[in-house]
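Report on the structure given below.
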Amino acid sequence: MRVDVDPDVVGGREFYAVLNSVVVPRPIAWVSSVSADGVLNLAPHSFFTVACVRPPMVQFTSVGRKDSLTNVEATGEFVVNFAAERLFEQVNATGTNFPAGVSEFEAVGLTPEPARAVAVPRVAESPVAIECTLHTTLELGDSTVVIGHVRHLAIASEVMDGDHPDIQRLRPLARLGKDEWSTLGEVRAISRIRYDDWPGHFAPKQ
C-alpha cells in the first residue's frame, strides 16, 4: 500500500514539504554574495548540484526572491562555500531572514576571506570555496535556477588526500526533510560495471 500525494489536491506548500522529505539528502550551497551597495550576504541553499563538466558549472535554486539571487544578478558573481559538519550552527544561522542591509558574516561571526577569481569574499572557516561568475538564470514558477561558471576552486590543504579531497576530512552537511539535517554516516564504495564485464560484482537476486 502507498500514500498518494497529489500536488493539485494538497496545495503547494504542503507538497513542497513532502517532496523535500523524499529528495534527500541534499547538498548545501552556502552562497556568499555582495549587494550592489557592497553589503556581504551569506545564505544556505539546499537545491544545489554540478550543472556541467566542460566548462565546469554549478547551480543552486533560489526558492522565491532571496538576497542571494538579487545580489548575483546585480554583480554577476558568487562563491559556493562548503557546508561542513563543524559549521552546523553557523550554516543554519545564516538561513535567518535578516534584513537586506545586515551582513550574515558579521551577525554570525564568520570571517570574510578574499577570493582569487571574483570580488565576492569566501568564508575563511569553510574548507572549500567554489568561485563563480554568473552564466545564466532560469525562472521556473516561484523559483530561479542560478547557474555559475566555476572560475576557481580553493581547497584547504588539511582536507586533501593526495590529489583529491578526503570525504572523512570534509565531513559534509546535508539537508533532509522538516528541520532535519544529516552528517556523513557510513561511506560505501563500489565501482561501475562495464557491459563487457556484466554482471561483474553485481549479484542478481534469484
Side-chain angles (χ1 to χ4, degrees), residues 7 12 15-17 19-20 22-84 87 90-92 94-95 97-98 100 103-105 110 112-124 126-156 159 164-165 167 170 172-177 181-182:
F15 189 82
Y16 171 62
L19 187 62
N20 261 9
V22 295
V23 182
V24 291
R26 298 186 308 280
I28 301 165
W30 203 15
V31 178
S32 54
S33 61
V34 179
S35 74
D37 297 327
V39 179
L40 301 184
N41 182 266
L42 182 62
H45 297 267
S46 70
F47 295 172
F48 167 56
T49 191
V50 175
C52 183
V53 176
R54 296 181 183 175
M57 297 187 188
V58 295
Q59 69 180 59
F60 73 91
T61 298
S62 175
V63 179
R65 176 154 287 275
K66 304 290 178 60
D67 290 339
S68 300
L69 173 60
T70 300
N71 295 348
V72 171
E73 288 179 334
T75 68
E77 298 181 334
F78 63 96
V79 177
V80 176
N81 303 276
F82 189 87
L87 297 168
Q90 291 94 326
V91 174
N92 179 64
T94 57
N97 59 334
F98 293 106
S103 169
E104 286 80 3
F105 277 91
L110 292 165
E113 176 183 81
R116 180 170 178 176
V118 297
V120 176
R122 54 203 191 200
V123 177
S126 173
V128 181
I130 307 171
E131 302 175 12
C132 302
T133 56
L134 178 62
H135 179 272
T136 191
T137 59
L138 175 63
E139 293 187 8
L140 300 171
D142 68 348
S143 301
T144 303
V145 179
V146 179
I147 300 176
H149 188 157
V150 179
R151 300 299 183 175
H152 184 69
L153 183 60
I155 308 173
V159 302
H164 297 86
I167 193 64
L170 282 173
L173 282 170
R175 284 290 279 120
L176 305 175
W181 301 60
S182 70

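The residues of the chain are indexed from 1 along the displayed sequence. Just so we're clear, the structure is a prediction, and the values are computed from it rather than from any experiment.
The two residues Cys52 and Pro55 have their closest heavy-atom pair at SG-O, 3.3 Å. Listed here is the closest heavy atom pair of Ile28 and Pro44: CG2-CB, 3.8 Å. Of all the heavy atoms in Ser32 and Asn81, the pair that sits closest is OG-ND2, 3.1 Å. Contact between Ala117 and His152 at its shortest, heavy atoms only, is CB-CB, 3.8 Å. Residues Leu170 and Ala84 come closest through the heavy atom pair O-CB, 3.8 Å. Heavy-atom minimum distance, Asn41 versus Ser68: OD1-OG, 3.5 Å.
Residue pairs meeting the salt bridge (Lys or Arg N to Asp or Glu O under 4.0 Å) criterion with at least one member in residues 60-69, sequence neighbours excluded, are Arg65-Glu73. Residue pairs meeting the side chain to side chain donor-acceptor pair (under 3.5 Å) criterion with at least one member in residues 141-150, sequence neighbours excluded, are His149-Arg151. Residue pairs that meet the salt bridge (Lys or Arg N to Asp or Glu O under 4.0 Å) test with at least one member in residues 42-51, sequence neighbours left out, do not exist here.
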Intermediate values then yes/no, side-chain contact (heavy atoms from CB on, under 4.5 Å), Val145 and Phe47 = CA-CA 9 Å; Val145 179; Phe47 295 172; over 6 Å; no
Could you go step by step and tell me if Val34 and Glu77 meet the side-chain contact (heavy atoms from CB on, under 4.5 Å) rule?
-> CA-CA 8 Å; Val34 179; Glu77 298 181 334; over 6 Å; no
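Residues meeting the ring pair (Phe, Tyr, Trp, His ring centres under 6.0 Å) test with Phe60, sequence neighbours left out: His45, Phe78. Taking the salt bridge (Lys or Arg N to Asp or Glu O under 4.0 Å) definition, one finds that Glu131 meets it with Arg122, sequence neighbours left out. Under the salt bridge (Lys or Arg N to Asp or Glu O under 4.0 Å) criterion, Arg175 pairs with no residue at all, not counting sequence neighbours.
Once rounded to the nearest 0.5 Å, the distance linking CD of Gln59 with OG1 of Thr49 reads 6.5 Å. The CD1 atom of Ile147 sits 12.0 Å away from atom OG1 of Thr133, with the distance rounded to the nearest 0.5 Å. The CZ atom of Phe82 lies 8.0 Å from the CG atom of Leu173; values are rounded to the nearest 0.5 Å.
For Thr94 and Trp30, the side-chain atoms include at least one donor-acceptor pair closer than 3.5 Å. Using modelled atom types and a 3.5 Å distance limit, the side chains of Asn71 and Ser33 yield a donor-acceptor pair.
Using a 4.5 Å cut-off on side-chain heavy atoms (C-beta onward), Val128 and Pro165 make no contact. Looking at Pro56 and Val50, their side chains never come closer than 4.5 Å, going by heavy atoms from C-beta outward.
A donor-acceptor contact shorter than 3.5 Å is absent between the side chain of Glu113 and the backbone of Ala124.
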